[in-house]
Amino acid sequence: MQVTKDGRNWRIGAAADVEWIAGHTTAGISITTAIPPIFDAYATTYQADDITAAVYEHALVEDLITHTPDQPWWLAYLDTGAHDVVFPRAPRVSLYWNWPYVLVEAGPEQALTWRTGHMRHGHGSLPDLFFPADRSWLVSALWDDTWTCVGGREPLINTLQRNPLANARRVRPDERRAATGTDPRVTANA
């Protein structure tokens, strides 16, 4: 199926496009609840209080672009009933606990511009889950988290850690995503 936006047709994804995620995460409180345990490195990231959503999201996406060859990205918007899914009439795919997502093949520009307001920030635009076609990384923010989880190659995670605007912290696959509901820098072993 295709949908039209910005004068272009965009492909809507199906279950086969996310089968590498669906059923491959683990229940619990570690990062592998959001990210399958297939990556070299993992991190959590969230918007610091002293920067805007736009600054944070652009920093995160720029770091991802730097570590990604030119290719389409899959953008997934969780249908909570209260947040914009960009294409409200598009079919959904199920992830995690059968949560419905609208999945569309687009790119980093669309990730930063298509939506206004998501569950983590009223002025944020990022999809709730996104990854490049080559699946070299995955960014996922679960419904009840105020932070975002990232899995990818070591160089990407190192770049995110060095970028103060990305506000990322490396975590081990068995480590708690966060010990509190708000600050992923505070951790304890799972």
Side-chain angles (χ1 to χ4, degrees), residues 13-48 56-57 59-69 71-78 80 93-101 103 108 111 118-121 124 126-190:
D17 299 306
V18 291
E19 69 184 355
W20 67 282
I21 303 167
H24 297 283
T25 55
T26 58
I29 55 175
S30 71
I31 196 161
T32 58
T33 303
I35 308 287
I38 59 172
F39 293 103
D40 296 336
Y42 301 85
T44 56
T45 175
Y46 75 105
Q47 177 188 335
Y56 163 72
E57 292 180 350
L60 178 62
V61 168
E62 286 301 319
D63 286 347
L64 293 167
I65 290 169
T66 300
H67 289 273
T68 309
Q71 62 187 292
W73 289 14
W74 285 103
L75 313 179
Y77 302 93
L78 177 60
T80 65
V93 297
S94 290
L95 287 169
Y96 305 114
W97 298 270
N98 291 320
W99 294 347
Y101 286 81
L103 179 67
H118 51 64
M119 59 195 151
R120 288 165 311 288
H121 195 288
L126 287 182
D128 301 299
L129 179 143
F130 54 108
F131 58 92
D134 69 5
R135 302 177 184 168
S136 58
W137 50 261
L138 172 63
V139 174
S140 180
L142 297 180
W143 186 331
D144 53 353
D145 291 341
T146 56
W147 60 89
T148 299
C149 298
V150 181
R153 296 182 179 123
E154 287 282 343
L156 168 61
I157 301 303
N158 291 338
T159 297
L160 291 171
Q161 273 191 287
R162 286 190 304 268
N163 184 343
L165 298 175
N167 200 27
R169 180 184 140 328
R170 180 183 296 269
V171 295
R172 296 181 318 272
D174 64 341
E175 191 173 354
R176 291 171 62 106
R177 291 186 324 262
T180 70
T182 57
D183 190 344
R185 296 173 296 182
V186 180
T187 63
N189 287 335

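With sequence neighbours excluded, the residues satisfying side chain to side chain contact (heavy atoms under 4.5 Å, CB included) with Glu154 are Asp40, Ala41, Asn158, Arg170. Taking the side chain to side chain donor-acceptor pair (under 3.5 Å) definition, one finds that Thr66 meets it with nothing, sequence neighbours left out. Shown here are the side chain to side chain donor-acceptor pair (under 3.5 Å) partners of Glu19, two or more places apart in sequence or in another chain: there are none. Checked against side chain to side chain contact (heavy atoms under 4.5 Å, CB included), Val93 has the following partners two or more places apart in sequence or in another chain: Val18, Tyr101, Leu103. In this view, Asp134 and Pro69, Gln71, Pro132, Ser136 satisfy the side chain to side chain contact (heavy atoms under 4.5 Å, CB included) rule, not counting sequence neighbours. For Thr68, the side chain to side chain donor-acceptor pair (under 3.5 Å) partners are Trp137, not counting sequence neighbours.
A pairwise comparison of heavy atoms in Arg169 and Val171 identifies NH1-CG1, 2.6 Å as the closest pair. Of all heavy-atom pairs spanning Ala59 and Leu165, the tightest one is CB-CB, 3.5 Å.
The backbone N or O of Ala14 sits less than 3.5 Å from a side-chain atom of Asp17, completing a donor-acceptor pair. Thr148 places no side-chain N or O within 3.5 Å of a backbone atom of Ala141 that could act as its donor or acceptor partner. Although no hydrogens or angles enter the test, the distance criterion places no donor-acceptor pair under 3.5 Å between the side chain of Thr32 and the main chain of Pro37.
Inter-residue side-chain proximity for Pro173 and Tyr42 is flagged as met; some heavy-atom pair is nearer than 4.5 Å. Put simply, the side chain of Leu160 reaches to within 4.5 Å of the side chain of Leu60, judged on heavy atoms. Using a 4.5 Å cut-off on side-chain heavy atoms (C-beta onward), Leu126 and Val61 make contact.
Atoms CZ and CD1, from Arg135 and Ile21 in turn, are 8.0 Å apart once rounded to the nearest 0.5 Å. Interatomic distance, His24 NE2 to Ile38 CD1, rounded to the nearest 0.5 Å: 8.5 Å.
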